[in-house]
Amino acid sequence: MSTSNTTTQEYVHHVAHHFDSAEEEYRTSKFGLWVFLMTEILMFGGLFVGYIIFRGIYSEAFAEASKFLDWRLGAINTVVLIFSSLTMVLSIYYAQHNQKAKVLLNLYITFFCGVIFMCIKAYEYAHKIHEGLLPGHMFHYSEQVAAHAPLYFSFYFCMTGMHGIHVMVGMGFILWLIRRAHRGEFSSNYFTPLECVGLFWHLVDLIWIYLFPLLYLVG
Amino acid sequence: MSSAPGVNYLNEKSGLWSWLTTLDHKRIGIMYMIAVFTFFAIGGTFAMLMRWELFSAGKNIVEAQTYNEFMTFHGAIMAFMVIIPGVPAFLGNFFLPLMIGARDVAFPRINLLSWYCLIIGAAVAFYSLIYNGADTGWTFYTPYSIKTDNGTTILVAGVFILGFSSILTGLNFIVTVHKLRAPGMTFFRMPLFIWGLYATAIMQVMATPVLGITLLLLIAERTMGIGFFDPTLGGDPVLFQHFFWFYSHPAVYIMVLPAMGVISELITCYSRKTIFGYRAIAWSSVGIAAVSFFVWGHHMFVSGESEVVAILFSFMTMLVGVPTAIKVFNWTATLYKGSIIFNAPMLFAMGFIFLFTIGGVTGIILAVTAVDVHFHDTYFVVAHFHYVMVGGTLMAIAGGMYHWMPKMFGRMYNEFWARISFVLIFVGFNVTFFPQFVLGAMGMPRRYYDYLPVFQPLNRISSIGAWTIGIGFLVVLYVILRCIFTGEKAPDNPWGATTLEWQTSSPPPHENFLTQPVVTGGPYEYK
Amino acid sequence: MPPEATDLASKVDALYSFLLWASFISTMLVVGGLTYFAIKYKRTDKNQKSAYITHNNTLEFLWSFIPFLIFMGVFAWGWVLFHDMRNMPADALEVAVQGQQWDWTFTYKNGRRSSGEMVIPVNQPVKLVMASKDVIHSFYIPAFRLKQDVVPGRYTTLWFQPKYKGEYQVFCAEFCGRQHSGMLAKIKVVSQEEFDEWLGNDPYKGLSMVEVGHKVYSTRCVICHNLTDKKLVGPGWKDLFGHQVELADGSTVVADENYIRESILNPNAKIVKGFPPAMPTFAGQLDEQEIMGLVEFIKTLK
Amino acid sequence: MSLKSEEHHIIPLKSFIGVFFALLFLTVLTVVAAQFNMGEWNTVVAMLIASIKAFFVLAYFMHLKVDDKVFLVCFLLAVFFLIVMYAFSVVDIYTRVGVSNIL
């Protein structure tokens, strides 16, 4: 049994009664989470399919409307999310090596990256709301724009809004992990929640990896 | 921790709180039973009211607007709250772990969460009734569902929450079947009911999220006018139909595949014979689940989709028809050289085969593009899907209910009244829906509050039949209540079946099996 | 099935009867097998043993492949007919159909408009170019075995060539709201001469103002307004003219010519108390003569 | 019995760092690629780069390379059915206007 240097008493994870071993519970939890990720991919997929179809039909209106977006902010957000993915993976890596301090450090960095991402998003939204670049009927931009530009902003707000909600939910889970890490619950024997939240966070990053070129770098 | 003798999942804890916070898949199954049967009663009442209104041309009891709300709520309740959760969440939750020798589903807490999603979703959906109703039909086609100013947003939000109940149940079943099977139970030694639930779970998990995003976009469309499906802003209403039916055709297989699983169990148990073509039935379940994602366009042949893609969908629908036909032939072949008894579950199973065959062949008629142009959105389609859903899933729920009540409650049901309920439902069903095939051929469109006098005689017959079904299901309720409270004690294996759930006590203890069963042969070894 | 009135309809009926017979035979096969086996292999004594048969590959292949062949055959036959339905003839008589919440309006090339009734010549291909003003409707003619959704925001087309004179019923087949079941129309197939004569004349020739108003009422307004004071969808018209009308915002106004005219052209300007703003605008659909006729007609309703 | 004891293969630290820099490079690449106007090809290139980045995140960060193959099957099934949904809808929309003669 590996000794963990900092915890006073060893946290023993209680395996649920219907599992035969901790290993089976670990694999079942990850399998369950991957099936959940399947549903997330399909839900976001619906939005992506809608967006690609309408971009095909109104390509010039969408190209013109995407000029209003500042691709630099999008790029910064991409880097922030990729870095947070790295720190998330490192927190799992250190949990597997029983280095609790590093786990906590990486979790905090990941959470902080989430905060930066949301702040940049909030700034972008404020800029658009101020300009009146709102979805559908609420669109009231000063100058004349292409006929179907409001449709682009409908997609922009729906996709980034849905993604933003998922980032915030992910940050909530990371806070939950930080609390449990403080109590020394994670070690090489038990790190399932870390890995599950990690997988969810990487999916959120994966969706942004596709969102960024589709929305910001259009034609 | 193994239970003392005489202690089972029903009497080990008591009090409402122990039920509302239970993590035991058997108790959650019973709670689903109560919820699904209540919603069935409500949905059924709407059906009776609709048939009363359609008894004769012109206004009978309600205005057009109220009839449209009856039609919408009958569809939404029956589809999302009764038939989709019906077999998987009620019979599946109770018997999947038992039949594969597991102690519980993989994620008990998520199992309870999916029950609460059903209850909260249903509460939100019913609130829209009080708010001022919804009259778009259960399909919510845009742009009418955007323009109509009533409780549609709330009903759509309710259905969105109901979707999570379906996703979480599917997730639970996939992981349970993969990870928690008894030692020795390979995939091809699983009972066919489990194959049905497994294929259904795949569809639940792969299709329902798309309904989730579609309904969210519809809510955003109604509240903020985002314009994806609103032609005034450049959106495409036919795209909504693509998104909706991409979910809804797998959904109709979610409704019928578990029922087919139940029928496989009943047929082989009551003819006391090994199922004919086990692998064919197992593979056709998965085959139907896979191909069901390619056929949704046959709901839209005349909706304005192009001829090229209509032909493509018609071809794929023919493909999905083949495994369904295989299953029906295999069930019939199982009866060959069996030793058959005709108690209530077997009657329902044979009733299922008869009605489902008619439902299936009319499905092929509708799949042919040229003929569907005439029959689309007429009562021919209404008759087809009621033959497959009521004749299929509801008969399977009733049959499965009678078959497994001894195991669930430890008491036998009254055979005489159960057979009366079959006769009432079977006769009432045919009297209701067979005339509707003729009405559809004559060209009576669907969702009509008022119809031309030429359609009146057949609508009268149909209305009478509908009330007979209503009485039939009341008798089923009577049999169930009488069995629960006053039925005599049931032995562990009253029907002499060979699947695992009959090897434990009835009602089973909390951890299902006192000793972990080891599987050595196939599920139906009637030597 | 209503009697078929076009060649294509009779072809569809041939395909349908083949499908019906194939379905009947296969159902009889399954149900016959079911009942025969059920009777023959009834359990005689308690522990009667059953044969241990698990599968039979040739039989299973046959009853998978044969249905597959039948389905493919029927699919191909359907494809041929479907292609004829969707292949628009070039030289057809074009009629513009407009679906609007709860009535159909037909406009011919020479501007002749008629509502609720379409007159077309016999033995000539007719092509309908359809559009909807508000929601999805569906133009359905059971006698021609034809149906096509009318989608707002784009045109959809439908063609047929009637071979018998007569009157055929038209339904709306896609749910479109409160009066979906009332959204009916008629197709009158007449000889070529009658059609040319009908096309040329003015529909209201020789009618007094009130009779014009009555004709417009019976084709456009009857769906939502009663001639009594009873509410249908909109308010009843009995002793409406010249009396006080209470509006939704609490104010009251006298129902004079301008009020009626405005309610026709811009209905949402003054909504009567207790009624939803469900009335569509008729601007551009009723010409000056028809509006004046309606006003005169309402004046006579005491 | 600790999880670490059986052969649960753990990806080494330096490969995570390597993947991180690869992702950064690809992000820069996709931004640069967007400056040239290649017309229709812009989208294809952008999707290609995004897919390579996705492969890195999936294989290394999400441990798909080391975990059992069922998880990979889950991911591929989800993407496959998305492509089916997109393909049939797009075929419909682009063949709608003119009726191509397919007989």
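Throughout, a chain's letter reflects where its sequence line sits, starting with A, and its residues are numbered from 1. Side-chain atoms are counted along with the backbone in the values below, which use heavy atoms only and exclude waters and symmetry mates.
- Contacts between D13(C) and chain B at a heavy-atom distance below 4.5 Å are absent for every atom of the residue.
- At most 12 non-hydrogen atoms from other residues, nucleotides or ligands lie less than 6.0 angstrom from CH2 of W283(B).
- Put simply, of Q169(C), M72(C), K11(C), Q179(C), the one with the most heavy-atom pairs under 4.5 Å next to chain B is M72(C).
- For the pair I136(C) and Q241(B), the minimum side-chain heavy-atom distance is below 4.5 Å.
- Among G33(C), G177(C), G153(C), the residue with the largest count of heavy-atom pairs under 4.5 Å with chain B is G177(C).
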*asked:* Y448(B) vs C172(C), test: side chain to side chain contact (heavy atoms under 4.5 Å, CB included). Steps then yes/no.
replied: CA-CA 10 Å; Y448(B) 258 35; C172(C) 169; 4.3 Å; yes
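- Other residues, nucleotides and ligands place more than 12 heavy atoms under 6.0 Å from the CZ atom of F188(B).
- Both the backbone and the side chain of F315(B) come within contact range of chain C, with heavy atoms under 4.5 Å apart.
- Neither the backbone nor the side chain of V454(B) has a heavy atom closer than 4.5 Å to any heavy atom of chain C.
- For the atom pair T35(C) OG1 and I353(B) CD1, the distance stands at 11.0 Å (nearest 0.5 Å).
- Within the 4.5 angstrom heavy-atom criterion, no atom of A367(B) approaches chain C.
- When all heavy atoms of A370(B) and L15(C) are compared, the closest pair comes out as CB-CD2, 4.2 Å.
- Residues S303(B) and V151(C) share a closest heavy-atom pair of O-CG2, 3.5 Å.
- Distance check, rounded to the nearest 0.5 Å: CG of L335(B) to NZ of K42(C) gives 14.0 Å.
- The aromatic rings of W63(C) and F329(B) lie tilted to each other, with the angle between the two planes from 30° to 60°.
- The two residues V373(B) and M85(C) have their closest heavy-atom pair at CG2-SD, 3.8 Å.
- Taking P67(C), P2(C), A76(C), A143(C) one by one and counting their heavy-atom pairs under 4.5 Å with chain B, the maximum is reached by P2(C).
- Contact of T362(B) with chain C is not made at all, since no heavy-atom distance falls under 4.5 Å.
- Residues M300(B) and D149(C) have side chains not in contact (no heavy-atom distance under 4.5 Å, counting atoms from C-beta outward).
- Using a 4.5 Å heavy-atom cutoff, the side chains of L452(B) and L184(C) are in contact.
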*Test side chain to side chain contact (heavy atoms under 4.5 Å, CB included) applied to V322(B) and F65(C), step by step*: CA-CA 8 Å; V322(B) 173; F65(C) 193 63; over 6 Å; no
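- Of the residues considered (M442(B), H376(B), M444(B)), H376(B) shows the highest number of contacts with chain C, using heavy-atom pairs under 4.5 Å.
- The main-chain N or O of V135(C) is never found under 3.5 Å from a side-chain atom of K147(B) such that the two would form a donor-acceptor pair.
- Side-chain contact between R446(B) and F175(C): absent, with no pair of heavy atoms (C-beta onward) separated by less than 4.5 Å.
- Remark: side-chain polar atoms of R154(C) are paired, donor with acceptor, to backbone N or O of G304(B) under 3.5 angstrom.
- Of the residues considered (Y449(B), Y524(B), Y526(B)), Y449(B) shows the highest number of contacts with chain C, using heavy-atom pairs under 4.5 Å.
- Of the listed residues W331(B), F301(B), F354(B), the one with more heavy-atom pairs under 4.5 angstrom with chain C than any other is F354(B).
- Contact count versus chain C (heavy atoms, under 4.5 Å) is highest, among D372(B), T334(B), T136(B), for T136(B).
- Between N330(B) and E60(C), some side-chain heavy-atom pair lies under the 4.5 Å cut-off.
- Within a 6.0 Å sphere centred on CZ of F434(B), other residues, nucleotides and ligands contribute 12 heavy atoms or fewer.
- In terms of non-hydrogen atom pairs under 4.5 Å with chain C, the most contact-rich of I326(B), D236(B), I146(B) is I326(B).
- For chain C, the option among P323(B), G277(B), A64(B) with the highest count of heavy-atom pairs below 4.5 Å is G277(B).
- A pairwise comparison of heavy atoms in A38(C) and M350(B) identifies CB-CE, 3.6 Å as the closest pair.
- Summarising the geometry, atom NE2 belonging to H83(C) is positioned 11.5 Å from atom OG1 belonging to T369(B); distances are rounded to the nearest 0.5 Å.
- Taking CZ of F24(C) as the reference point, atom CD1 of I358(B) lies at 10.0 Å (rounded to 0.5 Å).
- Only the backbone of Y270(B) comes within contact range of chain C, judged by heavy atoms closer than 4.5 Å.
- Screening F171(C), F82(C), Y140(C) for a ring pair (Phe, Tyr, Trp, His ring centres under 6.0 Å) involving H374(B) leaves a single residue, Y140(C).
- Proximity of E525(B) to Y52(C): side-chain heavy atoms (C-beta onward) are separated by under 4.5 Å at one or more points.
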*Pair E174(C)-D377(B), side chain to side chain contact (heavy atoms under 4.5 Å, CB included): steps then yes or no*: CA-CA 7 Å; E174(C) 183 55 57; D377(B) 261 343; 2.9 Å; yes
*Report the C-alpha distance between R272(B) and R43(C) in whole Å, list the side-chain angles of each, state the deciding distance to 0.1 Å, and finish with yes or no for side chain to side chain contact (heavy atoms under 4.5 Å, CB included).*
CA-CA 9 Å; R272(B) 191 178 283 169; R43(C) 185 174 299 176; 3.1 Å; yes
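- At a 4.5 Å heavy-atom cutoff, the contact between T378(B) and chain C is made by side-chain atoms alone.
- A 4.5 Å side-chain heavy-atom check between D134(C) and Y144(B) finds every atom pair outside the cut-off.
- Interface remark: I275(B) contributes backbone atoms only to the contact with chain C (heavy atom separation under 4.5 Å).
- Contacts of residues 97-104 of chain C with chain B at a heavy-atom distance below 4.5 Å involve Q101(C), listed in sequence order.
- If you run side chain to side chain contact (heavy atoms under 4.5 Å, CB included) between T357(B) and each of L29(C), L34(C), T27(C), only T27(C) comes through.
- Between the CZ atom in R145(C) and the CZ atom in F375(B) there is a gap of 8.0 Å [rounded to 0.5 Å].
- To the nearest 0.5 Å, atom CD1 of residue I365(B) and atom CZ of residue F18(C) are 11.0 Å apart.
- Using a 4.5 Å cut-off between heavy atoms, L59(C) touches chain B through its side chain atoms alone.
- Using a 4.5 Å cut-off between heavy atoms, T332(B) contacts chain C through both its backbone and its side chain.
- In this structure, the side chains of K273(B) and I53(C) come closer than 4.5 Å at one or more pairs of heavy atoms.
- Of the atoms belonging to V31(C), it is side-chain heavy atoms, and not backbone ones, that fall under 4.5 Å from chain B.
- Between G78(C) and V368(B) the shortest heavy-atom distance is CA-CG1, 3.6 Å.
- Between P445(B) and A173(C), the shortest heavy-atom contact is CB-CA, 4.3 Å.
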